[in-house]
Each structure stands twice: as C-alpha cells, then as structure tokens.
Amino acid sequence: KTGEMSGCPVNGPTTVRSLLGRTNKDWWPDSLPLEVLNQGGTSPDPMGNEFNYAEAFKQLDYDALKADLKALLTDSQPWWPADYGNYGGLFIRMAWHAAGTYRTADGRGGSNSGQQRFAPLNSWPDNGNLDKARRLLWPIKQKYGKHISWADLFILAGNVAIESMGGPVFGFGGGRADVFEPEKDIYWGSEEQFVGHPDNKTRILPEEELELEQPLAAIQMGLIYVNPEGPGGVPDALQSARDMKETFKRMAMNSEETVALTAGGHTFGKAHGAGDPTLIDEAPEGADIALQGLGWASAHGTGFGEHTITSGIEGSWVNTPTEWSENYFRLLLDYDYELVRSPAGAKQWQPINQKEEDMAPAAHDPNKRVPTMMTTADMALKVDPEFREISERFRRDHEAFKDAFARAWFKLTHRDMGPKVRYLGPEVPEEDLIWQDPIPAGTTPSDADVAAFKAKILDAGFTVGHLVKTAWASASTYRRSDHRGGANGARIRLEPQRGWKVNEPEELSAVLAKIEELRGNLSVADAIVLAGTAAVEKAAKDAGFDVEVPFTGGRGDATQEWTDAESFEPLEPVADGFRNFLKTKQTVKTEELLLDRASLLGLSVPEMTVLLGGLRVLGANYKDAPEGVFTDRKGQLTNDFFVNLLNNDTFWKVVDTSADEEFIGYDRAGKHERWKATRTDLIFGSNSQLRAVAEVYAERGHEEKFVRDFVAAWTKVMNADRFDLT
Ligand code: HEB
C-alpha cells in the first residue's frame, strides 16, 4: 500500500488515464481563457516577485484582526443573514473544506494557497454557499490587505469562530501565501459529472469493495470526503464508516482524529435543505455575470436565511449550535434515530421521541423549536464498532475529547504547511508534533571542514554516479505541495526511506556508512548533499569546465523517534524519471510521472530537461541501468545525452510492444545497436516542446551553458527544503 503519486498500478487490461483527469476547461469550456495572457512566462500574480508574504505578515496587527473577525461573527448581513445570529458554523465549515482537500499521496490540495477562491473548488457541490462565507470576509481582507492572505484568513476565521463559541483551540500558524490562478497540476479525478448528477458513476456502492483511485481522498467528484447521505446516497451508516476511514486516512487522520473532528465540527452550526433543490442555479464558475462571482442563486423563497438550501440536509446536530458543548455525543448516543427526509428530499436521521429541551432553536426564529438531526455519516460514529468505542470514551471523558479535537483541528489546518519553521505569528504552539517532521537545528560547517570532507569522499572509491544518486535520493523527496521531504534531516538513513526500492538499499547503506565515517563535524544531512555536490563539481572538471557548485551547509539530522515512518510511506516514488526508475507500470504514462515529479520539485521545463540529461551521463540511473546513458564517458558532465538523442542517424524501436516502455536505438542500416532508452528518455526527442529545449542543450556553443544550467537546477533541488535560509 505505497502511496502512488498518480494513478494506480496497472492490473489486467491497460486502462490509461491522463495525468490531470478532468480539468477546469472540461468543466467550464466557456470561461474566460485568461491563460492567453500568461504566455511567455508572464505571471498572473499582481504582487510580483519582490513581494514577501512572510515579511508582510510580520507587520500584521494580529490582535486587531482577530477582534474584527470576532465582531464579524455576530454582525449579520441582510444579504446573507447568519443562522442563530452567528456565522461561526459557516466559517468553520469554510476552513475545514479549505484544508480538507489535502491528501497524503501527493501532498496536494489543502488550504495553503487559497485555492478555494478558484475553480474547480469554488464550484464543487460540497462547497455550496461557501462563496458567501468568503464574501462576508472581504471587508476584513480589504482592510488588512497584503498583511493577511486569503489562505491564512480562511483558517484563522475558523479558529476565531471555534474560540469565540467556547471551543478548544491549539494554536495558529500563519504563512500561507496566496496564488492568483487555479492550481494546474492537481488531479481531482476523471468523472465527467459532479456528485449528485444522475450520470455521476458512484464508485462506491455499499456492498462493493472499496476501490478508491489514488491519489484521491474523496469518494466522488465534488465532495470533500464522503457523501453525507451515505455511499452513493444509500443511508447505510456502517458503509459510510468504511468510506470515512479510507478518506480521512488519506489526509493523515486516524479513527480517533476522525471522530473528534466530525463530532467537534458538528457541535456547531446547521445543515441547509429548506426546499426544492432544483430551484438552485449555477455554481459560481458558471454563474451569471451580474452575480459577480457568487453562485447557487436560489429561487426558493428569499433564497437565504430560513430558505437556504445547501446540502439539502436540514437541521442542526445539537440543541446548542453556537456554543461548544457535550451535546453531540449525548444526542447521538442517547437517542434512537429514524430515517426521515428533509424538505429538500435528502435522507437524514431524526431522534425518536425527542424531548422539547433537546430540540434546537430554529435558525431564524429563536422562539420556535425544531428537531435536531444526524447525517448518515454522523450515524457512522454510533454504529461502527470502532467509532462507537471512541465516541463513548469521548463522551465519558470530555477533556480527552477537547484535546483530541483541538489537536486534530490544528493538524487538519496546518498539515500542508510543512515544517514548523514555516509558521508565523504569536499563536504558534511551542510543542513539537511528529507530523511536522521535526528536524533539530543544524550548524553551519566551517570552510575547512567542508573542503576536508570533499577531498576525502571523492577519494573513497565511489563513482560520481554513486554520490550523485545518494544526494539526489535524499533531496528529491521534497514536494512543494505540502513542503515535506527533502535532504534536511537526513531521513534517507532512517525507516522507511533507507529501504525504498528506488534507493537501492544495499548500495545506499554502503555509501551512507562511508559518509558517516568521514563526515567529521558535518551533519549527515549536509555531508550527503556535499558528497553529491562535490561529485558534480568533479564531473564538470573532468569534462573541462571549472565551475564551483554552490553548497550551503546548516542542515540538521532528524531521529527515527521523531519520524512517523507510516506517514513517510506516501513519499516513496513509484517512478523517478530522473533515475530512470519505474517500480510498477502505472495507469498514467511514465513520462507524465516524470512531469508530476518535476512539478512537485518546482522545476521549470528547462530545469527538468537539463537535470535529466545531466543525471543520465553522470551515471545516476537506478541500478546503473544503461537506458538513456547516451555517452561513452560516463561520469563526466557533458551534453552527450542531448547530442546523441537528437542524432538523425539513430532510429528507435520498441522492445516489447505491449509494455511500450523500453526502446533500442539502431544505426540507420539497422545493424548496430547503439543505445537503450525508456519512454522517459525518448520523450525529450518526441515531444515538440521538450525537443526544442533539448536542441538548445545539444547545440554547439551551449556546452558550458548546459553545465551552468545543470548546476543551477541541481542546487535548487538540493536546497528546496531550506526554509531556514531566507
Ligand atoms: Fe460537516 C455542515 C457533512 C465532517 C464542520 N457537514 C455540514 C453539512 C453537511 C456536512 C452535509 C451541511 C452543509 C449545509 O449547510 O447544508 N461533515 C459532513 C460530512 C463529514 C463532515 C459527511 C465527514 C464525515 N464537518 C466535518 C468536519 C468538520 C465539520 C470534520 C469540522 C471539524 N460541518 C461542519 C460545520 C458545519 C457543517 C461547522 C455547519 C455549517 C453551517 O453552520 O453553516
């Protein structure tokens, strides 16, 4: 059960899916094609390159912002009146849905760039009416401007809501910088209709074995997690529990955290299903221009307040929806429930013979009392044996529930921010948490120590390829999606990384042992990077280029005890095109997996190209395989990969048509076998855009440019996780 970056391994007949699945262009073909203005590397970000959000955040009047948020909670606006006169529940749901798209498999999703403002998330059915929540925040966003990002504001608003209603809060770290365009690199699924549409194929029917595609963490397109009415709309709470466990696990939550989060969240607010859901108009991305970015206009009554239709489910979970309380578990466990339908026709559960005092006030008429409800997903916390035990324990021990909720909420909302050094502001908790992948601070080694180690390791009997590969293996786990992985911490010497197939465990342990022996005052993490960097420098020298490959020391060494091995499993590459490694064939094309990895590393097209071509001739292939090593002077940093790939006198033939992964390059007469290659190699000759870049590196006069560009891209990867440097 390794976390696949994208796509499942192929079982049986090949089903190919595209890397990105269904994209915004497929959903909203008529939306304004702004990307025409982004050609030629121009950025849609109005803040420009000089803007540093962390610096701007440091000047924020944090307390004033929190006070304004708190006041907003009870400042009901006529165009979207607050339920019970309090927007708390709405803001908590907004924050949870912002964070809840995170998934461990590729670290994508989550709240760290403010994606809820853009399609498809702004228009997912599950995000219904969160456009109103964001719009309610606009005056505050406008007031504090660049000092608070939307991404931070979503989460902070959720925190302030919990706090102001008496709920437990563990802390807040700022630092989520906004982006100004929809994420382009994320796979949300291939379904052609959203959940709820009659043509949306329900992947998971109650009796079916769970087969949720990786890396997805939601059961159907348009959901954050599971269908509240039960799998495929079937109100089966046990099967809903199964779906909840799988989807929450994919965002790094165990059963206890899942119960705490759901129960704590549903201690607040209400669900909305006042009437006929067919009276709801388009979601924001497809809505009328006059609505100015708001969607889901409703023709039911006034369309808001007591007439609101969101999920279609109607009612609050507890009798006290604007205060933290023990009522959720009490009502869930003490009452028997019967299946009823909301005014919108949704299936939901109602307490049998509910006492008057356990009923809730009507959201817009405090004098009226209405029955509370549970969704099928809530019922899962009652009927699933494992969930039930946790629910009963939390009911008996309210302090344990509070602590579990506060910690799980903090994790939910910070999981995608990476290490704690990235958190900003006065409410960052002192305590280190294992999911933050803590690394003890390192010290910068002296120049003399650096020079001494370089000399020793180059003399230790390893090839350039060995040393380069080790440094690459250590640094290239970095993913900018959730800022995890990377060379800092030297986790490559710990479980599970040291055992990953891609890392060739035996070879790796030999190199690591030598590095340990020779490192002197350097941290292991620094020494690993320096060994590779020294090897690159030597390889350039041997090719006739006297370049200095920059090295920045100061990394620390993590411990096994502070490494959650299980949570590192999804970082294992099923493919690493840079090492020409493919663990098992995937449903996504192998060259698309290279693209995915390059994207997680934050590389540009030229950076990806130059790195791959350079790593091949340095001898960094998995198991030293011959594919793509288009050179007869392996270990020297030359542009031979590009020169030989683009040679008109070579033609390529696939080895095994059905696998379609390996190729042999012959001379034109077809007599001599010249080279071997994978799809990952040949894509640089076949794709017109990559070929254009490969040509640049193959051209006479660009030999040195090749070396310099390689060194720059190498250094970028080695330092990708150095948040300690600014
Ligand atoms: Fe929740 C609401 C479902 C989880 C928090 N939710 C809600 C609703 C639904 C749901 C259906 C309604 C909407 C409307 O408006 O209509 N959830 C659900 C599910 C799940 C959940 C299925 C999984 C199991 N939640 C959750 C969590 C949280 C929450 C985890 C946090 C923590 N929610 C919430 C809130 C609310 C809701 C706060 C309310 C909102 C208002 O008030 O507006």
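Numbering of ligands and ligand atoms starts at 1, following listing order.
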Using a strict cut-off of 4.0 Å, indicate which atoms of ligand 1 neighbour a heavy atom of Leu261. 27 (C), 28 (C), 30 (C), 31 (C), 32 (C)

Structural part of Val226 in contact with ligand 1, heavy atom criterion under 4.0 angstrom: both

Closest to atom 31 (C) of ligand 1 (judged by heavy-atom distance), picking from Gly312, Gly265, Ser311, Ala260: Gly265

Option of least heavy-atom distance to atom 40 (C) of ligand 1 (set: Gly269, Gly89, Gly128): Gly89

Say whether His266, considering both its backbone and side-chain N or O atoms, lies within less than 3.5 Å of an N or O atom on ligand 1. yes

Contact (N/O only, under 3.5 Å) between His272 and ligand 1: yes

Does the N or O separation between Trp96 and ligand 1 drop below 3.5 Å for any pair? yes

What class does the angle between the rings of Phe172 and His414 fall in, given that below 30° is parallel, 30 to 60° is tilted and above 60° is perpendicular? perpendicular

Report yes or no: do Tyr335 and Gln350 form a side-chain donor-acceptor pair below 3.5 Å? no

Atoms in ligand 1 flagged as close to Pro228, the criterion being non-hydrogen separation under 4.0 Å: 11 (C), 22 (C)

At a non-hydrogen distance cut-off of under 4.0 Å, which region of Trp317 contacts ligand 1 (side chain, backbone, both, or neither)? side chain

The atoms of ligand 1 lying under 4.0 Å from a heavy atom of Ile92, numbered in the order shown, are 38 (C)

Will you find, in the side chains of Asp281 and Trp296, an N or O donor that is under 3.5 Å from an N or O acceptor? no

Given the side-chain rings of Trp324 and Phe405, with only the six-membered ring counted for Trp, is the space between their centroids under 6.0 Å? yes

Can you find an N/O atom of Lys270 closer than 3.5 Å to an N/O atom of ligand 1? yes

Can you name the atoms of ligand 1, numbered from 1 with element, that are less than 4.0 Å from a heavy atom of Ala271? 12 (C), 14 (C), 15 (O), 16 (O)

Below 30° counts as parallel, above 60° as perpendicular, anything between as tilted: where do the rings of Phe329 and Phe401 land? perpendicular

Would you please test Trp124 and Thr101 for side-chain contact (heavy atoms from CB on, under 4.5 Å) and show each step? CA-CA 11 Å; Trp124 271 7; Thr101 55; 4.0 Å; yes

Trp80 ring center within less than 6.0 Å of Tyr87 ring center: no

Numbering as shown, the atoms of ligand 1 that approach Ala377 to under 4.0 Å (heavy-atom distance): 22 (C), 24 (C)

Is there any N or O on Asn227 that sits under 3.5 Å from an N or O of ligand 1? no

